Amino acid sequence: MSASPLTPRVSIRREDFDAGAEIVEITRGRTDIGAVVTFSGLCRDENQSLAALELEHYPGMAEAEISRIALEAAQRWPLLALTVIHRFGRILPGENIVLVVAASAHRQAAFDAASFLMDFLKARAPFWKKEHKREGAGGWVGARDSDAEAARRWT
Amino acid sequence: MSASPLTPRVSIRREDFDAGAEIVEITRGRTDIGAVVTFSGLCRDENQSLAALELEHYPGMAEAEISRIALEAAQRWPLLALTVIHRFGRILPGENIVLVVAASAHRQAAFDAASFLMDFLKARAPFWKKEHKREGAGGWVGARDSDAEAARRWT
Amino acid sequence: MRLIYFAWVRERIGAAEEEVELPTAVQTVRDLLGWLQTRGETYAEALRHPEVIRVAIDREHVDHGERIGAAKEIALFPPMTGG
Amino acid sequence: MRLIYFAWVRERIGAAEEEVELPTAVQTVRDLLGWLQTRGETYAEALRHPEVIRVAIDREHVDHGERIGAAKEIALFPPMTGG
(Lines give C-alpha, C1' and ligand atoms only; values in the text may rest on other atoms or scores of the structure.)
Protein backbone atom coordinates (compact mmCIF):
# COMPACT_ATOMS: atom_id res chain seq x y z
CA MET A 1 0.00 0.00 0.00
CA SER A 2 2.66 2.52 -0.95
CA ALA A 3 1.93 6.07 -2.11
CA SER A 4 -1.58 6.30 -0.72
CA PRO A 5 -3.50 9.07 -2.50
CA LEU A 6 -5.47 9.63 0.68
CA THR A 7 -5.43 13.00 2.39
CA PRO A 8 -6.94 12.62 5.85
CA ARG A 9 -9.35 15.33 6.89
CA VAL A 10 -8.48 16.67 10.35
CA SER A 11 -10.53 19.26 12.19
CA ILE A 12 -9.80 20.71 15.63
CA ARG A 13 -12.70 22.84 16.72
CA ARG A 14 -14.99 24.08 19.42
CA GLU A 15 -18.23 23.19 17.61
CA ASP A 16 -20.02 19.86 17.80
CA PHE A 17 -19.95 17.38 14.92
CA ASP A 18 -22.51 15.12 13.25
CA ALA A 19 -21.15 11.58 12.86
CA GLY A 20 -23.83 10.65 10.33
CA ALA A 21 -23.05 13.65 8.14
CA GLU A 22 -19.34 12.80 8.23
CA ILE A 23 -20.05 9.22 7.12
CA VAL A 24 -22.21 10.51 4.25
CA GLU A 25 -19.50 13.01 3.31
CA ILE A 26 -16.93 10.22 3.06
CA THR A 27 -19.04 7.72 1.12
CA ARG A 28 -21.15 9.91 -1.16
CA GLY A 29 -20.84 9.24 -4.88
CA ARG A 30 -18.31 6.42 -4.63
CA THR A 31 -18.66 2.66 -4.92
CA ASP A 32 -15.20 1.49 -3.85
CA ILE A 33 -15.85 1.70 -0.10
CA GLY A 34 -17.17 -1.50 1.47
CA ALA A 35 -16.65 -0.72 5.15
CA VAL A 36 -16.84 2.39 7.30
CA VAL A 37 -15.88 2.24 10.97
CA THR A 38 -16.82 5.25 13.07
CA PHE A 39 -15.69 5.94 16.61
CA SER A 40 -17.51 8.59 18.64
CA GLY A 41 -16.06 9.52 22.03
CA LEU A 42 -18.47 11.18 24.42
CA CYS A 43 -18.22 13.03 27.72
CA ARG A 44 -19.22 10.60 30.49
CA ASP A 45 -20.68 11.41 33.87
CA GLU A 46 -21.67 8.20 35.57
CA ASN A 47 -22.65 9.57 38.95
CA GLN A 48 -24.13 12.94 38.03
CA SER A 49 -21.22 14.77 39.64
CA LEU A 50 -19.75 16.48 36.58
CA ALA A 51 -20.80 19.99 35.57
CA ALA A 52 -18.59 20.08 32.47
CA LEU A 53 -15.29 19.00 31.00
CA GLU A 54 -12.88 21.67 29.86
CA LEU A 55 -10.63 20.53 27.06
CA GLU A 56 -7.42 22.50 26.78
CA HIS A 57 -5.30 21.98 23.69
CA TYR A 58 -2.08 23.15 22.08
CA PRO A 59 -3.48 24.94 19.05
CA GLY A 60 -0.29 25.03 17.02
CA MET A 61 0.41 21.34 17.52
CA ALA A 62 -2.93 19.53 17.83
CA GLU A 63 -3.81 19.49 14.16
CA ALA A 64 -0.23 18.73 13.10
CA GLU A 65 0.10 15.80 15.50
CA ILE A 66 -3.28 14.29 14.63
CA SER A 67 -2.44 14.67 10.93
CA ARG A 68 0.82 12.77 11.52
CA ILE A 69 -1.07 9.96 13.26
CA ALA A 70 -3.72 9.90 10.50
CA LEU A 71 -1.07 9.71 7.78
CA GLU A 72 0.63 6.85 9.59
CA ALA A 73 -2.70 4.98 9.68
CA ALA A 74 -3.15 5.64 5.95
CA GLN A 75 0.29 4.15 5.33
CA ARG A 76 -0.34 1.08 7.47
CA TRP A 77 -3.80 0.20 6.13
CA PRO A 78 -5.39 0.50 2.67
CA LEU A 79 -7.78 3.27 3.64
CA LEU A 80 -9.99 5.02 1.12
CA ALA A 81 -10.99 7.91 3.37
CA LEU A 82 -10.25 9.10 6.88
CA THR A 83 -11.75 11.89 8.98
CA VAL A 84 -10.71 12.91 12.48
CA ILE A 85 -12.47 15.63 14.47
CA HIS A 86 -11.47 16.64 18.00
CA ARG A 87 -13.29 19.28 19.98
CA PHE A 88 -11.82 21.65 22.57
CA GLY A 89 -13.36 24.04 25.08
CA ARG A 90 -16.26 23.40 27.42
CA ILE A 91 -18.05 20.10 26.85
CA LEU A 92 -21.12 18.97 28.78
CA PRO A 93 -21.90 15.41 29.93
CA GLY A 94 -23.32 13.40 27.03
CA GLU A 95 -21.75 15.65 24.39
CA ASN A 96 -19.35 14.53 21.69
CA ILE A 97 -15.59 14.91 22.16
CA VAL A 98 -13.88 13.08 19.34
CA LEU A 99 -14.78 11.41 16.05
CA VAL A 100 -12.83 9.04 13.81
CA VAL A 101 -14.29 7.78 10.53
CA ALA A 102 -12.18 5.25 8.63
CA ALA A 103 -13.26 3.81 5.28
CA SER A 104 -11.78 0.90 3.36
CA ALA A 105 -12.75 -1.79 0.88
CA HIS A 106 -12.89 -4.39 3.66
CA ARG A 107 -13.81 -4.30 7.31
CA GLN A 108 -10.60 -5.34 9.03
CA ALA A 109 -8.56 -2.40 7.75
CA ALA A 110 -11.28 0.04 8.76
CA PHE A 111 -11.58 -1.47 12.26
CA ASP A 112 -7.83 -1.59 12.82
CA ALA A 113 -7.20 1.92 11.54
CA ALA A 114 -9.96 3.45 13.69
CA SER A 115 -8.73 1.59 16.77
CA PHE A 116 -5.10 2.57 16.09
CA LEU A 117 -6.11 6.21 15.65
CA MET A 118 -7.96 6.32 18.95
CA ASP A 119 -5.06 4.69 20.81
CA PHE A 120 -2.59 7.20 19.38
CA LEU A 121 -4.89 10.18 19.84
CA LYS A 122 -5.12 9.31 23.52
CA ALA A 123 -1.36 8.89 23.85
CA ARG A 124 -0.05 11.68 21.60
CA ALA A 125 -2.61 14.36 20.73
CA PRO A 126 -1.95 17.49 22.86
CA PHE A 127 -5.25 17.77 24.71
CA TRP A 128 -5.89 17.85 28.45
CA LYS A 129 -9.17 17.33 30.24
CA LYS A 130 -10.15 19.26 33.35
CA GLU A 131 -13.23 18.30 35.29
CA HIS A 132 -15.54 20.93 36.73
CA LYS A 133 -17.65 19.27 39.40
CA ARG A 134 -21.17 20.26 40.35
CA GLU A 135 -20.04 20.46 43.95
CA GLY A 136 -16.52 20.77 45.23
CA ALA A 137 -13.22 20.92 43.46
CA GLY A 138 -12.64 19.25 40.12
CA GLY A 139 -9.20 18.89 38.64
CA TRP A 140 -7.11 17.62 35.80
CA VAL A 141 -7.90 14.13 34.58
CA GLY A 142 -4.95 11.80 35.04
CA ALA A 143 -3.50 9.87 32.11
CA ARG A 144 -4.35 6.17 32.26
CA ASP A 145 -1.55 3.65 32.08
CA SER A 146 -3.87 1.49 29.99
CA ASP A 147 -3.92 4.19 27.30
CA ALA A 148 -0.14 4.23 27.02
CA GLU A 149 -0.17 0.43 26.82
CA ALA A 150 -2.89 0.51 24.15
CA ALA A 151 -0.67 2.65 21.94
CA ARG A 152 2.33 0.36 22.48
CA ARG A 153 0.52 -2.71 21.16
CA TRP A 154 0.74 -1.29 17.60
CA THR A 155 4.54 -1.07 17.57
CA MET B 1 -20.67 -8.73 33.41
CA SER B 2 -23.44 -11.11 34.33
CA ALA B 3 -27.13 -10.31 33.93
CA SER B 4 -26.71 -7.53 31.43
CA PRO B 5 -29.87 -5.40 31.31
CA LEU B 6 -29.16 -4.69 27.64
CA THR B 7 -31.71 -5.64 25.01
CA PRO B 8 -30.08 -5.40 21.59
CA ARG B 9 -32.18 -3.78 18.90
CA VAL B 10 -32.22 -5.92 15.74
CA SER B 11 -33.92 -4.89 12.51
CA ILE B 12 -34.07 -6.91 9.29
CA ARG B 13 -35.57 -4.79 6.56
CA ARG B 14 -35.71 -3.69 2.97
CA GLU B 15 -35.40 0.05 3.70
CA ASP B 16 -32.17 1.98 4.04
CA PHE B 17 -30.88 3.16 7.42
CA ASP B 18 -29.29 6.35 8.73
CA ALA B 19 -26.18 5.56 10.78
CA GLY B 20 -26.10 9.02 12.35
CA ALA B 21 -29.72 8.76 13.48
CA GLU B 22 -29.02 5.34 15.03
CA ILE B 23 -26.05 6.75 16.96
CA VAL B 24 -28.20 9.62 18.24
CA GLU B 25 -30.97 7.16 19.17
CA ILE B 26 -28.53 5.13 21.26
CA THR B 27 -26.83 8.02 23.04
CA ARG B 28 -29.62 10.56 23.51
CA GLY B 29 -30.33 11.62 27.07
CA ARG B 30 -27.70 9.47 28.76
CA THR B 31 -24.28 10.25 30.17
CA ASP B 32 -22.90 6.78 30.89
CA ILE B 33 -21.75 6.07 27.32
CA GLY B 34 -18.16 7.07 26.59
CA ALA B 35 -17.60 5.24 23.32
CA VAL B 36 -19.73 4.36 20.31
CA VAL B 37 -18.31 2.22 17.52
CA THR B 38 -20.32 2.07 14.32
CA PHE B 39 -19.76 -0.28 11.41
CA SER B 40 -21.44 0.46 8.09
CA GLY B 41 -21.14 -2.14 5.34
CA LEU B 42 -21.76 -0.88 1.81
CA CYS B 43 -22.33 -2.45 -1.59
CA ARG B 44 -19.03 -2.21 -3.50
CA ASP B 45 -18.55 -2.10 -7.25
CA GLU B 46 -14.91 -1.42 -7.96
CA ASN B 47 -14.95 -1.81 -11.73
CA GLN B 48 -18.38 -0.46 -12.62
CA SER B 49 -19.61 -3.91 -13.60
CA LEU B 50 -22.33 -4.40 -11.01
CA ALA B 51 -25.94 -3.43 -11.70
CA ALA B 52 -27.20 -4.43 -8.27
CA LEU B 53 -26.83 -6.90 -5.43
CA GLU B 54 -29.81 -9.03 -4.51
CA LEU B 55 -29.83 -10.04 -0.89
CA GLU B 56 -31.86 -13.15 -0.18
CA HIS B 57 -32.54 -14.02 3.45
CA TYR B 58 -34.30 -16.57 5.60
CA PRO B 59 -37.03 -14.41 7.12
CA GLY B 60 -37.90 -16.70 9.98
CA MET B 61 -34.31 -17.16 11.08
CA ALA B 62 -32.40 -13.96 10.22
CA GLU B 63 -33.64 -11.88 13.12
CA ALA B 64 -33.44 -14.77 15.58
CA GLU B 65 -29.85 -15.63 14.62
CA ILE B 66 -28.65 -12.01 14.69
CA SER B 67 -30.34 -11.56 18.06
CA ARG B 68 -28.46 -14.62 19.37
CA ILE B 69 -25.15 -13.17 18.16
CA ALA B 70 -26.00 -9.75 19.62
CA LEU B 71 -26.88 -11.26 22.99
CA GLU B 72 -23.63 -13.19 23.01
CA ALA B 73 -21.75 -9.91 22.38
CA ALA B 74 -23.67 -8.28 25.24
CA GLN B 75 -22.61 -11.13 27.52
CA ARG B 76 -18.94 -10.98 26.50
CA TRP B 77 -18.49 -7.20 26.73
CA PRO B 78 -19.96 -4.55 29.07
CA LEU B 79 -22.12 -2.93 26.42
CA LEU B 80 -24.60 -0.17 27.22
CA ALA B 81 -26.45 -0.29 23.90
CA LEU B 82 -26.35 -2.31 20.72
CA THR B 83 -28.15 -1.91 17.40
CA VAL B 84 -27.89 -4.21 14.39
CA ILE B 85 -29.65 -3.51 11.09
CA HIS B 86 -29.36 -5.78 8.04
CA ARG B 87 -31.07 -4.99 4.75
CA PHE B 88 -32.40 -7.49 2.23
CA GLY B 89 -33.70 -7.16 -1.33
CA ARG B 90 -32.18 -5.21 -4.19
CA ILE B 91 -29.25 -3.00 -3.20
CA LEU B 92 -27.40 -0.68 -5.58
CA PRO B 93 -23.65 0.01 -5.63
CA GLY B 94 -22.75 2.53 -2.94
CA GLU B 95 -25.84 1.75 -0.85
CA ASN B 96 -25.85 0.54 2.73
CA ILE B 97 -26.14 -3.18 3.53
CA VAL B 98 -25.50 -3.60 7.24
CA LEU B 99 -25.08 -1.47 10.35
CA VAL B 100 -23.73 -2.28 13.80
CA VAL B 101 -23.69 0.34 16.55
CA ALA B 102 -22.06 -0.73 19.83
CA ALA B 103 -21.88 1.58 22.85
CA SER B 104 -19.90 1.15 26.04
CA ALA B 105 -18.24 3.18 28.77
CA HIS B 106 -14.82 2.62 27.20
CA ARG B 107 -13.58 2.19 23.68
CA GLN B 108 -12.07 -1.29 23.68
CA ALA B 109 -15.34 -3.06 24.51
CA ALA B 110 -17.18 -1.09 21.81
CA PHE B 111 -14.52 -1.87 19.20
CA ASP B 112 -14.32 -5.55 20.10
CA ALA B 113 -18.07 -6.06 20.21
CA ALA B 114 -18.64 -4.37 16.84
CA SER B 115 -15.86 -6.40 15.23
CA PHE B 116 -17.13 -9.65 16.79
CA LEU B 117 -20.65 -8.93 15.56
CA MET B 118 -19.52 -8.34 12.00
CA ASP B 119 -17.42 -11.53 11.99
CA PHE B 120 -20.37 -13.59 13.25
CA LEU B 121 -22.91 -11.90 10.99
CA LYS B 122 -20.77 -12.86 8.02
CA ALA B 123 -20.40 -16.44 9.20
CA ARG B 124 -23.85 -17.18 10.66
CA ALA B 125 -26.58 -14.75 9.58
CA PRO B 126 -28.76 -16.42 6.92
CA PHE B 127 -28.25 -13.98 4.02
CA TRP B 128 -26.97 -14.71 0.52
CA LYS B 129 -25.76 -12.19 -2.03
CA LYS B 130 -26.38 -12.55 -5.74
CA GLU B 131 -24.71 -10.22 -8.19
CA HIS B 132 -26.58 -8.83 -11.17
CA LYS B 133 -24.01 -7.62 -13.68
CA ARG B 134 -24.48 -4.76 -16.10
CA GLU B 135 -23.41 -7.08 -18.90
CA GLY B 136 -23.34 -10.86 -18.89
CA ALA B 137 -24.22 -13.32 -16.22
CA GLY B 138 -23.89 -12.55 -12.55
CA GLY B 139 -24.22 -15.20 -9.88
CA TRP B 140 -24.10 -16.06 -6.22
CA VAL B 141 -21.26 -14.56 -4.26
CA GLY B 142 -19.02 -17.25 -2.81
CA ALA B 143 -18.28 -17.39 0.89
CA ARG B 144 -14.77 -16.30 1.73
CA ASP B 145 -12.55 -18.61 3.77
CA SER B 146 -11.21 -15.51 5.50
CA ASP B 147 -14.68 -14.79 6.89
CA ALA B 148 -14.94 -18.22 8.48
CA GLU B 149 -11.46 -17.74 9.96
CA ALA B 150 -12.41 -14.30 11.27
CA ALA B 151 -15.26 -15.82 13.25
CA ARG B 152 -13.04 -18.60 14.63
CA ARG B 153 -10.60 -16.14 16.19
CA TRP B 154 -13.18 -15.27 18.87
CA THR B 155 -13.52 -18.82 20.17
CA MET C 1 -42.16 -31.82 7.74
CA ARG C 2 -41.34 -28.70 5.82
CA LEU C 3 -38.12 -28.38 3.83
CA ILE C 4 -37.03 -24.95 2.67
CA TYR C 5 -34.21 -24.01 0.35
CA PHE C 6 -32.27 -20.80 -0.20
CA ALA C 7 -29.96 -19.22 -2.78
CA TRP C 8 -28.42 -21.66 -5.26
CA VAL C 9 -29.80 -24.68 -3.41
CA ARG C 10 -33.28 -23.28 -4.09
CA GLU C 11 -32.44 -22.47 -7.70
CA ARG C 12 -30.95 -25.90 -8.45
CA ILE C 13 -33.73 -27.85 -6.76
CA GLY C 14 -36.23 -25.58 -8.48
CA ALA C 15 -38.43 -25.03 -5.45
CA ALA C 16 -38.40 -22.72 -2.44
CA GLU C 17 -40.06 -25.21 -0.13
CA GLU C 18 -41.98 -28.46 0.06
CA GLU C 19 -43.67 -30.75 2.52
CA VAL C 20 -42.15 -34.24 2.82
CA GLU C 21 -42.70 -37.46 4.71
CA LEU C 22 -39.32 -38.79 5.76
CA PRO C 23 -38.64 -42.54 5.63
CA THR C 24 -38.02 -43.84 9.13
CA ALA C 25 -34.44 -44.68 8.15
CA VAL C 26 -33.70 -40.95 7.85
CA GLN C 27 -32.54 -40.10 11.35
CA THR C 28 -29.89 -37.39 10.96
CA VAL C 29 -29.26 -34.39 8.75
CA ARG C 30 -26.69 -36.47 6.90
CA ASP C 31 -29.32 -39.13 6.22
CA LEU C 32 -31.67 -36.43 4.96
CA LEU C 33 -29.12 -35.08 2.50
CA GLY C 34 -28.45 -38.59 1.19
CA TRP C 35 -32.15 -39.36 0.83
CA LEU C 36 -32.86 -36.07 -0.98
CA GLN C 37 -30.13 -36.86 -3.52
CA THR C 38 -32.15 -39.92 -4.58
CA ARG C 39 -35.25 -37.85 -5.34
CA GLY C 40 -34.24 -36.79 -8.85
CA GLU C 41 -31.70 -35.05 -10.99
CA THR C 42 -32.26 -31.55 -9.64
CA TYR C 43 -31.71 -32.75 -6.07
CA ALA C 44 -28.67 -34.78 -7.05
CA GLU C 45 -27.23 -31.69 -8.76
CA ALA C 46 -28.06 -29.31 -5.90
CA LEU C 47 -26.61 -31.61 -3.24
CA ARG C 48 -23.72 -33.12 -5.20
CA HIS C 49 -21.25 -31.74 -2.61
CA PRO C 50 -23.26 -32.29 0.57
CA GLU C 51 -20.32 -31.19 2.73
CA VAL C 52 -20.84 -27.54 1.66
CA ILE C 53 -24.56 -27.53 2.43
CA ARG C 54 -25.50 -25.70 5.62
CA VAL C 55 -28.55 -26.80 7.54
CA ALA C 56 -30.85 -25.20 10.09
CA ILE C 57 -33.43 -27.14 12.09
CA ASP C 58 -36.30 -24.99 13.31
CA ARG C 59 -34.22 -21.89 12.54
CA GLU C 60 -31.04 -22.85 14.36
CA HIS C 61 -27.78 -23.91 12.73
CA VAL C 62 -26.96 -27.60 13.16
CA ASP C 63 -24.18 -29.96 12.10
CA HIS C 64 -24.77 -32.80 9.67
CA GLY C 65 -24.60 -35.27 12.50
CA GLU C 66 -27.60 -33.70 14.25
CA ARG C 67 -30.65 -35.90 14.79
CA ILE C 68 -33.77 -34.61 13.10
CA GLY C 69 -36.13 -35.66 15.89
CA ALA C 70 -39.40 -33.77 15.89
CA ALA C 71 -38.19 -30.97 13.61
CA LYS C 72 -40.95 -28.94 11.96
CA GLU C 73 -38.82 -27.00 9.50
CA ILE C 74 -35.47 -27.90 8.02
CA ALA C 75 -33.65 -25.37 5.84
CA LEU C 76 -30.85 -26.18 3.39
CA PHE C 77 -28.64 -23.43 2.02
CA PRO C 78 -25.11 -22.57 0.87
CA PRO C 79 -22.51 -20.92 3.14
CA MET C 80 -23.82 -17.50 4.10
CA THR C 81 -22.59 -14.30 2.50
CA GLY C 82 -24.38 -11.57 4.40
CA GLY C 83 -22.86 -8.68 6.28
CA MET D 1 13.18 31.22 22.65
CA ARG D 2 9.56 30.78 23.54
CA LEU D 3 8.44 28.44 26.30
CA ILE D 4 4.77 27.47 26.52
CA TYR D 5 2.96 25.56 29.20
CA PHE D 6 -0.28 23.63 29.29
CA ALA D 7 -2.74 22.20 31.80
CA TRP D 8 -1.40 21.85 35.36
CA VAL D 9 2.12 22.79 34.28
CA ARG D 10 0.69 26.14 33.15
CA GLU D 11 -1.36 26.53 36.31
CA ARG D 12 1.51 25.73 38.66
CA ILE D 13 4.03 27.93 36.88
CA GLY D 14 1.40 30.64 36.72
CA ALA D 15 2.02 31.61 33.10
CA ALA D 16 0.93 30.30 29.71
CA GLU D 17 4.13 31.31 27.96
CA GLU D 18 7.29 33.34 28.23
CA GLU D 19 10.39 34.31 26.27
CA VAL D 20 13.68 33.12 27.74
CA GLU D 21 17.41 33.29 26.99
CA LEU D 22 18.90 29.92 27.76
CA PRO D 23 22.34 29.69 29.40
CA THR D 24 24.80 28.06 26.99
CA ALA D 25 25.09 25.11 29.40
CA VAL D 26 21.47 24.16 28.66
CA GLN D 27 21.87 21.79 25.73
CA THR D 28 19.14 19.18 26.10
CA VAL D 29 15.51 19.05 27.21
CA ARG D 30 16.72 17.49 30.47
CA ASP D 31 19.06 20.46 31.03
CA LEU D 32 16.16 22.81 30.36
CA LEU D 33 13.92 21.14 32.95
CA GLY D 34 16.73 21.31 35.50
CA TRP D 35 17.43 24.97 34.78
CA LEU D 36 13.75 25.92 34.97
CA GLN D 37 13.48 24.32 38.43
CA THR D 38 16.03 26.88 39.69
CA ARG D 39 13.93 29.83 38.54
CA GLY D 40 11.65 29.99 41.55
CA GLU D 41 9.19 28.18 43.74
CA THR D 42 6.40 27.90 41.16
CA TYR D 43 8.77 26.28 38.67
CA ALA D 44 10.22 23.97 41.30
CA GLU D 45 6.69 22.93 42.23
CA ALA D 46 5.50 22.46 38.64
CA LEU D 47 8.56 20.42 37.64
CA ARG D 48 9.14 18.54 40.88
CA HIS D 49 8.72 15.23 39.04
CA PRO D 50 10.43 16.05 35.77
CA GLU D 51 10.06 12.47 34.52
CA VAL D 52 6.30 12.96 34.04
CA ILE D 53 6.68 16.19 32.05
CA ARG D 54 6.14 15.78 28.30
CA VAL D 55 7.99 18.08 25.94
CA ALA D 56 7.47 19.19 22.35
CA ILE D 57 10.07 21.11 20.36
CA ASP D 58 8.60 23.17 17.55
CA ARG D 59 5.35 21.18 17.88
CA GLU D 60 6.79 17.68 17.77
CA HIS D 61 7.08 15.29 20.70
CA VAL D 62 10.65 14.74 21.91
CA ASP D 63 12.40 12.73 24.61
CA HIS D 64 14.20 14.40 27.48
CA GLY D 65 17.53 13.51 25.93
CA GLU D 66 16.76 15.54 22.79
CA ARG D 67 19.12 18.44 22.02
CA ILE D 68 17.42 21.81 21.93
CA GLY D 69 19.45 23.15 19.01
CA ALA D 70 17.79 26.04 17.21
CA ALA D 71 14.32 25.41 18.65
CA LYS D 72 11.96 28.36 18.41
CA GLU D 73 9.19 27.02 20.65
CA ILE D 74 9.39 24.48 23.43
CA ALA D 75 6.20 23.28 25.10
CA LEU D 76 5.98 21.59 28.51
CA PHE D 77 2.86 19.70 29.54
CA PRO D 78 1.52 16.74 31.51
CA PRO D 79 0.71 13.39 29.90
CA MET D 80 -2.10 13.95 27.42
CA THR D 81 -5.70 13.04 28.15
CA GLY D 82 -7.50 13.78 24.90
CA GLY D 83 -9.58 11.42 22.82
Side-chain angles (χ1 to χ4, degrees), chain A residues 17-50 53 80 92-108 110-112 114-119 121-122 144 146-147 149-150 153, chain B residues 17-50 53 80 92-108 110-112 114-119 121-122 144 146-147 149-150 153:
Chain A
F17 52 78
D18 175 344
E22 298 298 334
I23 296 172
V24 169
E25 180 71 26
I26 264 184
T27 54
R28 184 195 295 140
R30 50 196 299 184
T31 60
D32 53 343
I33 291 174
V36 180
V37 171
T38 305
F39 178 87
S40 312
L42 293 90
C43 175
R44 279 199 311 139
D45 174 29
E46 283 191 339
N47 45 16
Q48 262 75 56
S49 66
L50 188 71
L53 268 189
L80 295 168
L92 301 178
E95 286 190 355
N96 289 313
I97 297 173
V98 62
L99 178 76
V100 169
V101 187
S104 186
H106 301 290
R107 70 188 184 284
Q108 200 55 54
F111 270 118
D112 288 347
S115 181
F116 168 92
L117 265 155
M118 282 310 304
D119 286 347
L121 276 182
K122 293 254 178 196
R144 292 154 45 117
S146 60
D147 283 332
E149 280 158 30
R153 76 194 163 109
Chain B
F17 52 78
D18 176 342
E22 298 299 334
I23 297 172
V24 169
E25 180 70 26
I26 266 185
T27 54
R28 184 194 296 138
R30 49 197 297 184
T31 60
D32 53 343
I33 291 174
V36 181
V37 171
T38 306
F39 178 88
S40 313
L42 293 90
C43 174
R44 278 199 311 141
D45 173 29
E46 281 192 338
N47 45 17
Q48 261 76 58
S49 67
L50 188 70
L53 268 189
L80 294 168
L92 301 179
E95 284 189 359
N96 289 314
I97 297 173
V98 62
L99 178 74
V100 169
V101 186
S104 186
H106 300 289
R107 71 189 184 283
Q108 200 56 52
F111 270 118
D112 287 347
S115 181
F116 167 92
L117 265 157
M118 282 310 305
D119 287 347
L121 276 182
K122 293 255 176 194
R144 292 153 45 116
S146 61
D147 283 332
E149 281 158 28
R153 75 191 162 110

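Because only heavy atoms are used, hydrogens play no part in the values below, and waters and symmetry mates are left out as well, while side chains stay in. Predicted model only: the values in this text are computed from it and were never measured.
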Asks: Is it the backbone or the side chain of A/E95 that comes under 4.5 Å from a heavy atom of chain B, or both, or neither?
Replies: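 A/E95 has no heavy atom closer than 4.5 Å to chain B.
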Asks: If you tally heavy-atom pairs under 4.5 Å against chain B, which of A/G94, A/G20, A/A105 wins?
Replies: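 Highest number of heavy-atom pairs under 4.5 Å: A/A105.
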Asks: Taking every heavy-atom pair that is under 4.5 Å apart, which of A/R144, A/Q48, A/R28 has the most such pairs with chain B?
Replies: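 Of A/R144, A/Q48, A/R28, A/R144 has the most heavy-atom pairs under 4.5 Å with chain B.
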Asks: For residues B/L42 and A/V36, report the shortest heavy-atom separation together with the two atoms involved.
Replies: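 Where B/L42 meets A/V36 most closely, the heavy atoms are CD1-CG2, 3.8 Å.
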Asks: At a 4.5 Å cut-off on heavy atoms, which part of A/T27 comes close to chain B: side chain, backbone, both, or neither?
Replies: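 Looking at A/T27, just its side chain touches chain B.
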Asks: Count the heavy-atom pairs under 4.5 Å between each of B/K122, B/E46, B/Q108 and chain A, then report the option with the highest count.
Replies: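 Most pairs with chain A among the choices: B/K122.
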Asks: So which of B/V100, B/D32, B/L92 has the biggest tally of heavy-atom pairs under 4.5 Å with chain A?
Replies: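 With the most close heavy-atom pairs to chain A, the winner is B/D32.
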Asks: For A/E22, is it the side chain, the backbone, both or neither that has a heavy atom under 4.5 Å from a heavy atom of chain B?
Replies: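 A/E22 has no heavy atom closer than 4.5 Å to chain B.
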Asks: With B/F111 as reference, evaluate A/F111, A/F116, A/F39 under the ring pair (Phe, Tyr, Trp, His ring centres under 6.0 Å) test and give the passing residue.
Replies: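 Of the listed residues A/F111, A/F116, A/F39, the ring pair (Phe, Tyr, Trp, His ring centres under 6.0 Å) partner of B/F111 is A/F39.
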Asks: Pick from A/G34, A/A35, A/A103, A/A110: which one has the most heavy-atom pairs with chain B under 4.5 Å?
Replies: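 Between A/G34, A/A35, A/A103, A/A110, the count favours A/G34.
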Asks: Is chain B contacted by the side chain of A/N47, its backbone, both, or neither, given a heavy-atom distance below 4.5 Å?
Replies: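 Neither the backbone nor the side chain of A/N47 comes within 4.5 Å of chain B.
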Asks: Heavy-atom distance under 4.5 Å to chain B: side chain of A/A114, backbone, both or neither?
Replies: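 Interface part for A/A114: both.
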Asks: Working to the nearest 0.5 Å, report the span between OG of B/S115 and CG of A/D112.
Replies: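 Between B/S115 OG and A/D112 CG, I get 7.5 Å after rounding to 0.5 Å.
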Asks: So what's closer than 4.5 Å to chain B heavy atoms on A/R107: side chain, backbone, both or neither?
Replies: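 For A/R107, the contact with chain B is made by backbone and side chain together.
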Asks: Given side chains that start at C-beta, do those of A/H106 and B/R44 come closer than 4.5 Å, heavy atoms only?
Replies: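 Sidechains of B/R44 and A/H106: in contact.
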Asks: Pick from A/T38, A/V101, A/I23, A/V98: which one has the most heavy-atom pairs with chain B under 4.5 Å?
Replies: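 So the answer, after comparing A/T38, A/V101, A/I23, A/V98, is A/T38.
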Asks: Do you know which of B/I97, B/V24, B/L50, B/D119 has the most heavy-atom pairs with chain A at a distance under 4.5 angstrom?
Replies: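 Most pairs with chain A among the choices: B/D119.
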